[in-house]
There are 2 protein chains.
Amino acid sequence: MNRSPHSRAAAPSPTFSPLYRQIKDLILKSLEAGEWQPGDAIPSESELAVRFNVSQGTVRKAIDEMAAENLLVRRQGKGTFVATHSDPRSFFRFLRLIPNEGELQPSTSVPIECGRAKAGADVARMLGLAPGAPIIIMRRLLELGGEAVVFDEIYLPGELFQDLTLDVLKQSDKSLYDLFESRYGVRMIRAEERLRAVAAEGVAAELLHVDEGSPLLLVERVAFTYGNKPVEWRRGFYATRNFHYFNELA
Amino acid sequence: MNRSPHSRAAAPSPTFSPLYRQIKDLILKSLEAGEWQPGDAIPSESELAVRFNVSQGTVRKAIDEMAAENLLVRRQGKGTFVATHSDPRSFFRFLRLIPNEGELQPSTSVPIECGRAKAGADVARMLGLAPGAPIIIMRRLLELGGEAVVFDEIYLPGELFQDLTLDVLKQSDKSLYDLFESRYGVRMIRAEERLRAVAAEGVAAELLHVDEGSPLLLVERVAFTYGNKPVEWRRGFYATRNFHYFNELA
DNA sequence: GTTCAGTCTTTTGTCTTATAAAAGACATAA
DNA sequence: TTATGTCTTTTATAAGACAAAAGACTGAAC
């Protein structure tokens, strides 16, 4: 570690970075290496301070940033924990769909199909794979309060999800990202979504019980794991009769 | 100010709040009162520390939070500045529309109509007004790279925007929120958006040059100023042939 | 035995102080 | 005129001391 970043004698150091950020990188590396599992407590601030030979305040600032990025969760008096998709609070972060009126509905994922294929040009580009690399294609329906609301087509790199089959999906009662995290060790930490209005057609129209040509909200998503690595591409058709996509501009 | 929040002798204080948050509230009050204008520098951290009789670090933590909320902007070596909508960087925050391919386009606002009316039940509810209170209704088209992409219907409380007319809008070359801020002293700091897909009809279809019944993205927005006070309700129809709504889930 | 109140330990949170880096103005020498 | 150094003002970083929150543990009261 560069412990004397301020001495400019030796190197004007284009790679300069303050102490707390170096600590952050170290913690991130431990996280990525699986030293602490999702839901687990990480060592206390003072322990980490001793381990890295810095003050508690410096460790704290590193953790502050990671908590702001939803990688860690602090609880006063208890400790700091690795964020997990099994925590229901982290759920809404990745499904911004709420009813036009009334309370939030419990959601059910209905797997329809899950197979293997070779990446076409578009999927390869989105996932940073070579064209022809093995991928998994999954289709599923999302029901909210008994109503079919979202039809998803999901593309995953085959390498990371070796034994993922339709059966595995049907067995699981967790959310997809919870499953990915607990069974395959792939943690989604960030996503980009692109929204358009399109006309319903084919399977989507049928499964969502809407007329051909009626408007649907198309949500395309790329989800990233540690190191900004894309590991999921998804195309979702949302029927927005009774639900809408909620977003806060802050 | 409650300078000894930790002494529990006097009051178990259900309204306890740490020092830095009390400072934050004070700075916020100054901001709200217009003591410093958008774009201006606020006093330095050490000046504020003297003024409030606390340490620089405590002022700093207060400002940190406000910078995270986009109320203030820090610049090392220069000072801390009141955020402003005239800063182009703050622009994308409130218009999340980007081209499917190619660079970001410069946008032009084309005012169509601007009149006064009395608030109906729905607008009154959204803006926290009494039904029948005076409001302003404005319609406009947003063009990106020469193409008509968004048709907006905007509802404002009449009281806050006294002399706002179609002419004023036509005269201005600023963004709407920049105009609101500089001319009426109303600063938008946060907004909630609800998105749906709908079928194009009437004026919207016509102005956006799309067929009746073709899909449009409907974006309903409530925008808030200081103290979480709603001061704008807006219904926007987005034609998403060549553009899409971009959102980051972080 | 069970319950309740106090006490102790461990954890994150708050606040202060000292010092570094960044930016720019200004003077001065080439 | 142009560069170069120096001084001042600003935010940024780092460390240390102490407070509040949470929970486990102890032991007395019943």
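Worth saying up front: this structure is predicted, and the values here are computed from it rather than measured. Every heavy atom of this structure was used, including side-chain atoms; hydrogens, water molecules and symmetry mates were not. So you know, we letter chains A, B, ... as the sequences are listed, proteins then strands, and number each from 1.
- Side-chain contact between A/L195 and B/T240: absent, with no pair of heavy atoms (C-beta onward) separated by less than 4.5 Å.
- Taking atom CD of A/Q22 as the reference point, atom P of D/dA12 lies 18 Å away to the nearest angstrom.
- Contact annotation for B/G57: base contact, defined as any heavy-atom pair under 4.0 Å involving a base atom.
- At a cut-off of 3.5 Å, with distance as the only test, a side-chain donor of A/N247 or B/Y245 sits close to an acceptor on the other residue.
- Taking atom CD1 of residue A/I63 and atom C1' of nucleotide C/dT12, one finds them 9 Å apart after rounding to whole Å.
- Atom NZ of A/K61 is separated from atom C1' of D/dT11 by 10 Å (rounded to the nearest Å).
- Salt-bridge annotation for A/R187 and A/E232: absent, with no side-chain N of the basic residue lying under 4.0 Å from a carboxylate O of the acidic one.
- For the 3.5 Å distance criterion, the side chains of B/Y184 and B/Q162 fail to qualify, holding no donor opposite an acceptor.
- When rounded to the nearest whole Å, the span between CD of A/Q76 and P of C/dT12 equals 10 Å.
- Rounded to an integer number of Å, the gap from A/I23 CD1 to D/dA15 P is 9 Å.
- For A/K24 and A/E69, the salt-bridge test passes: some basic side-chain N is under 4.0 Å from an acidic carboxylate O.
- Near-neighbour residues of DNA chain D inside residues 33-48 of chain B, defined by a heavy atom below 4.0 Å, number-ordered: B/S44, B/E45.
- Both A/K78 and A/T58 lie close to DNA chain D; mapped to their nearest nucleotides by heavy-atom distance, the more 5′-ward contact belongs to A/T58.
- Between A/E192 and A/R221 there is no salt bridge, since no side-chain N of the basic residue sits under 4.0 Å from a carboxylate O of the acidic one.
- Put simply, B/T80 has no side-chain N or O that comes within less than 4.0 Å of OP1 or OP2 on D/dT10.
- In this structure, the CZ atom of A/R74 is 14 Å from the C1' atom of D/dA21, given to the nearest Å.
- As a whole-Å value, the separation of B/Q56 CD from D/dA12 P is 9 Å.
- When the C1' atom of C/dC15 is taken as reference, atom CG of B/D64 falls 14 Å away, rounded to whole Å.
- Residue B/R60 is classed as a base contact, given a heavy-atom separation below 4.0 Å to a base.
- Looking at A/R93, its side chain does come within 3.5 Å of a backbone N or O of B/A250 through a donor-acceptor pair.
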